[in-house]
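A short worksheet on the structure shown next.
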Amino acid sequence: MPYERDEQLFRVTIRGKFTGLDDAGRAAVLAASDTAYTEAGTFTHDQSVTAFTFRCQVPAGPDDGQDEAALGAMVALEAHGHSHEILQLAVTDMREIKIRPRGRRM
């Protein structure tokens, strides 16, 4: 489900590399390629489908923090079933993002 402003969620970006990706896995990654943040997660990848960026949105409970969001995203990544190594993980708490109203600049 795409992000809606009134939802309480985290956006998690995981950068990594695949280890031992076979032809079927490569085809599955190519089919799941997108730049959107979704609960199932989407992949962008290099030309050789070796390095990847996985984007996932994780619903935020009232007491959830970055650790819970990171674990939720890793579970979503594992659900794809591709052997991988995580190189970097970044969490953005969308509840903390402030949107300024559009107005006239003076």
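These numbers come from a predicted model, not from an experiment.
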Quick check: do Thr42 and Thr44 have side-chain heavy atoms less than 4.5 Å from each other?
no
Any non-hydrogen side-chain atom of Cys56 less than 4.5 Å from a side-chain atom of Met74?
no
Co-membership, hydrophobic cluster, residues Val91 and Leu9, 4.5 Å side-chain
no
Nearest heavy-atom pair of Ala69 and Val12: which atoms, and what distance?
O-CG2, 3.8 Å
Close side-chain approach of His84 to Leu77, heavy-atom, < 4.5 Å:
yes
Tabulate below the donor-acceptor pairs under 3.5 Å that side-chain atoms of residues 20-33 make, not counting sequence neighbours, or state none.
unit_1	atom_1	unit_2	atom_2	d
Asp22	OD1	Ala24	N	3.3
Asp22	OD1	Gly25	N	2.7
Arg26	NH1	Ser48	O	2.9
Ser33	OG	Val29	O	2.9
Ser33	OG	Leu30	O	3.3
Ser33	OG	His45	NE2	3.0

Within the 4.5 Å heavy-atom criterion, are Phe18 and Glu85 side-chain neighbours or not?
no
Could you give the distance from CZ (Arg15) to OG1 (Thr53), rounded to the nearest 0.5 Å?
4.5 Å
Compare every heavy atom of Thr13 with every heavy atom of Tyr37, then report the nearest pair and how far apart it is.
OH-OG1, 2.8 Å
Judged by atom type as modelled, is there a donor-acceptor pair below 3.5 Å linking the side chain of Asp46 to the main-chain atoms of Thr50?
yes
So, Glu96 side chain and Asp93 main chain: donor-acceptor pair closer than 3.5 Å or not?
no
Can you check ring pair (Phe, Tyr, Trp, His ring centres under 6.0 Å) on His80 and Phe54, steps first, answer last?
CA-CA 11 Å; His80 285 273; Phe54 182 75; 5.5 Å; yes
Arg55 and Thr38: side chain donor to acceptor below 3.5 Å
no
Separation of Phe10 CZ from Met94 CE (nearest 0.5 Å):
11.0 Å
With Asp34, which residues qualify under salt bridge (charged side-chain N to carboxylate O under 4.0 Å, His left out), at least two apart?
none
Which heavy atom of Ala70 sits nearest to which heavy atom of Leu89, and what is that distance?
CB-CD2, 3.7 Å
Smallest heavy-atom separation, Pro59 atom then Glu39 atom, equals CG-OE2, 3.8 Å
May I ask whether Ile86 and Leu71 are part of the same hydrophobic cluster, defined by side-chain heavy atoms of I, L, V, M, F, W, Y residues being less than 4.5 angstrom apart, directly or through others?
yes
Gly72 to Val58 - nearest heavy-atom pair and separation
C-CG2, 4.1 Å
